Peer 1: 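Quick one: this structure, given as structure tokens, is what I'll be asking you about.
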Amino acid sequence: MNLRTLILIPAILIAHDTYAATKCSRANLTRCLDSVCAINISSNPAARCQYCGTSNAGTPPNSKMRSISAGASAKYNISEKDLKKAPTDPGKRYTWATQQCIKKVAGCTADDVTDAYDSLIEQSCKAAGVSAQLTKTIKSSSKKKSEASCKSAIQSCMVNNSKCMADYRNCKNDSDFDKIFSACSVDADGCDDYVSSIRAKLINDRDNAIKNTDAALTQLIESYQKTRDKKLISAKTNCANGTTKDNCISTICARNMPNKCDGEFGSVERAAANALCKFYDTACATVD
């Protein structure tokens, strides 16, 4: 063994120990998370879902007996004292457990928690008969949205052309409105606290939009009616004084007759022009 090999061996061992010390142990991370999210899971398969998944799974049964998954190590458990600080809301509790366990288990990150634990919570939720949406739980639970941003997100969803449409024409009935509103509010993460208030505001927006649409339509009809009435009055006036037919004859004489209805053949040309414009007599009789 040469000198270079003797020098490299300790360096390799040190690098190996450093890597081993900082690499996240998924097993230990899971044990830590279970101490917060899997209490009494042996008798309650839905525990992970109830504690750290969704409130739709129900409240975990009260029990003085605290039992975690088999093989749990006290070294990685959250203590009874610290556990009293854990939130009861499932989403907030999951975030809290994540923060505690990535500090307790060296080398682990929030992404490791997602990779190691989300599937376990989903399995637990299936046992509870509910579906938990856990995508981006850690990030979204730490951000509180404003009511204005929630209203904007839900409204943007509702006025889509495949839903209510911009003028709410497909949501005139409250039943149709509520069906689409429910679907859009479910997709708006972090907006549960504002749903009732936003619904009332969007109902008001819908009523105003429909009212404005009806008013605009009425105004358009009235405008067409006024234009038609003006044209009818003008036509009656022109028919009464013969202006319409006279203008027709003058135009034909000027454009189509060789002598412009003057001279030797003027009377013949004018008679022909009169015949061509005779349809005005029929039209004026109809207007009258």
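Computed from a prediction, not measured in an experiment: that's the story for all the values here.
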Peer 1: Quick test of your reading of the model: are R169 and D167 salt-bridged, counting only N-O distances below 4.0 Å?
Peer 2: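 Salt bridge between R169 and D167, a charged N being under 4.0 Å from a carboxylate O: yes.
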
Peer 1: Give the C-alpha distance, both sets of side-chain angles, the deciding distance and a yes or no for side-chain contact (heavy atoms from CB on, under 4.5 Å) between Q100 and K103.
Peer 2: CA-CA 5 Å; Q100 300 303 311; K103 288 189 291 186; 4.1 Å; yes

Peer 1: Is any side-chain heavy atom of D178 closer than 4.5 Å to one of R199?
Peer 2: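 The answer is yes, as the side chains (C-beta and beyond) meet within the 4.5 Å cut-off.
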
Peer 1: Checking the side chain of N241 only, and the main-chain atoms of T237 only, is there a donor and an acceptor separated by less than 3.5 Å?
Peer 2: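 At least one qualifying donor-acceptor pair exists.
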
Peer 1: Is there a side-chain contact (heavy atoms from CB on, under 4.5 Å) between N170 and F177? Walk through the geometry before answering.
Peer 2: CA-CA 8 Å; N170 294 337; F177 178 94; over 6 Å; no

Peer 1: Grab the two heavy atoms, one from C52 and one from I121, that are nearest each other, plus how far apart they are.
Peer 2: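 Residues C52 and I121, closest heavy atoms: O-CD1, 3.6 Å.
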
Peer 1: Taking L120's backbone N and O only, do any of them form a donor-acceptor pair with S124's side chain (distance below 3.5 Å, no angle check)?
Peer 2: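 No, S124 side chain to L120 backbone: no donor-acceptor pair under 3.5 Å.
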
Peer 1: Please check if I252 and I249 belong to a single hydrophobic cluster, counting links between Ile, Leu, Val, Met, Phe, Trp and Tyr side chain heavy atoms closer than 4.5 Å.
Peer 2: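 No: no chain of side-chain contacts under 4.5 Å links I252 to I249.
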
Peer 1: Has S185 got a side-chain atom pairing as donor or acceptor with S182's backbone, closer than 3.5 angstrom?
Peer 2: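 Looks like yes, one N/O pair under 3.5 Å.
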
Peer 1: Give a yes or no on whether the backbone of N208 and the side-chain of N212 come within a donor-acceptor separation of less than 3.5 Å.
Peer 2: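 Pair found, side chain donor or acceptor close to backbone of N208.
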
Peer 1: Any idea which heavy atoms bring A97 and C37 closest together, and the distance?
Peer 2: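 Reported closest heavy-atom pair: CB-SG, 4.2 Å.
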
Peer 1: SG of C191 to SG of C150, below 2.5 Å?
Peer 2: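 A disulfide, yes.
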
Peer 1: Could you tell me whether the side chain of C184 reaches within less than 4.5 Å of the side chain of K163, counting heavy atoms only?
Peer 2: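 Yes; the side chains approach each other to less than 4.5 Å.
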
Peer 1: Can you give me the closest heavy-atom contact between P90 and S55, atom names plus distance?
Peer 2: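 Of all heavy-atom pairs spanning P90 and S55, the closest is CG-N, 3.6 Å.
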
Peer 1: Decide yes or no on side-chain contact (heavy atoms from CB on, under 4.5 Å) for D176 and Y168, but give the supporting numbers first.
Peer 2: CA-CA 10 Å; D176 295 330; Y168 289 94; over 6 Å; no

Peer 1: Crowded around F279 CZ? As in, over 12 foreign heavy atoms under 6.0 Å?
Peer 2: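 Check passes, neighbour count above 12.
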
Peer 1: Do S146 and S149 get their side chains close enough for a donor-acceptor pair, meaning under 3.5 Å?
Peer 2: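 Result is yes, a qualifying pair exists.
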
Peer 1: Can any side-chain N or O of N160 pair as donor or acceptor with the backbone N or O of S162 at less than 3.5 Å?
Peer 2: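 Side chain of N160 to backbone of S162, a donor-acceptor pair under 3.5 Å: yes, one is there.
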
Peer 1: If we ignore hydrogens and angles and just use 3.5 Å, is the side chain of S35 paired with the main-chain N or O of N77 as donor and acceptor?
Peer 2: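 Looks like no, no N/O pair under 3.5 Å.
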
Peer 1: Would you name the heavy atoms of I78 and L83 that are closest together and state the gap between them?
Peer 2: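 That would be CG2-N, 4.1 Å.
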
Peer 1: Flag the pair K104 and D82 as a salt bridge only when some basic side-chain nitrogen lies within less than 4.0 angstrom of an acidic carboxylate oxygen.
Peer 2: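 Result for this pair is no, no salt bridge flagged.
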
Peer 1: So K260 and R255, do their side chains get closer than 4.5 Å, heavy atoms only?
Peer 2: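 They are not in side-chain contact.
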
Peer 1: Quickly, which of D112, D34, T98 forms a side chain to side chain donor-acceptor pair (under 3.5 Å) with Y117? Name it, please.
Peer 2: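 With Y117 as partner, side chain to side chain donor-acceptor pair (under 3.5 Å) holds for just one option, D34.
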
Peer 1: Would you give the length of the straight line joining atom CZ of R270 to atom SG of C277, rounded to the nearest 0.5 angstrom?
Peer 2: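 Separation between the atoms: 10.0 Å.
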
Peer 1: When rounded to the nearest 0.5 angstrom, what distance separates CD in Q225 from CG in L232?
Peer 2: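 The CD atom of Q225 sits 9.5 Å away from the CG atom of L232.
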
Peer 1: So how far is it from D115 CG to T109 OG1, rounded to the nearest 0.5 Å?
Peer 2: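 Going from CG on D115 over to OG1 on T109, the span is 7.5 Å.
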
Peer 1: Just wondering, more than 12 heavy atoms not from K179 lying within 6.0 Å of its NZ?
Peer 2: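 Counting other residues, nucleotides and ligands, NZ of K179 stays at 12 neighbours or fewer.
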
Peer 1: Nearest 0.5 Å, what's the NZ-SG distance between K245 and C239?
Peer 2: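 Going from the NZ atom of K245 to the SG atom of C239 covers 11.0 Å.
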
Peer 1: Do Y280 and M257 share a hydrophobic cluster, counting only Ile, Leu, Val, Met, Phe, Trp and Tyr and linking them when any side-chain heavy atoms are less than 4.5 Å apart?
Peer 2: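 Unlinked, Y280 and M257 end up in two clusters.
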
Peer 1: Of all the heavy-atom pairs spanning I102 and A110, show the shortest one and how long it is.
Peer 2: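 Heavy-atom minimum between the residues: CG2-N, 4.1 Å.
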
Peer 1: Taking all atoms of both residues into account, what is the closest heavy-atom pair of Y51 and R93, and its distance?
Peer 2: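 Closest heavy-atom pair between Y51 and R93: O-CD, 3.1 Å.
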
Peer 1: Side chains of L202 and D205, heavy atoms from C-beta outward: is any pair under 4.5 Å?
Peer 2: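 In short, these two side chains touch, coming nearer than 4.5 Å.
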
Peer 1: Rounded to the nearest 0.5 Å, how far apart are CZ of F181 and CE of M158?
Peer 2: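 Here the rounded value is 7.0 Å.
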
Peer 1: Stepwise, does the salt bridge (charged side-chain N to carboxylate O under 4.0 Å, His left out) test hold for R206 with D174?
Peer 2: CA-CA 10 Å; R206 177 203 66 176; D174 285 348; 2.9 Å; yes

Peer 1: Show, in sequence, the C-alpha distance, side-chain angles and deciding distance for V113 and C108, and conclude whether the side-chain contact (heavy atoms from CB on, under 4.5 Å) test is met.
Peer 2: CA-CA 8 Å; V113 173; C108 294; 5.9 Å; no

Peer 1: Return yes if some donor-acceptor pair links the side-chain N/O of E269 with the main-chain N/O of N259 below 3.5 Å, else return no.
Peer 2: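 Yes, because the side chain of E269 sits within donor-acceptor range (under 3.5 Å) of the backbone of N259.
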
Peer 1: Considering the options T54, D118, D89, which one meets the side chain to side chain donor-acceptor pair (under 3.5 Å) requirement together with Y94?
Peer 2: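 Among T54, D118, D89, the one meeting side chain to side chain donor-acceptor pair (under 3.5 Å) with Y94 is D118.
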
Peer 1: With rounding to the nearest 0.5 angstrom, report the SG to CD distance, C125 to Q50.
Peer 2: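 Rounded to the nearest 0.5 Å, the SG-CD separation comes to 9.0 Å.
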
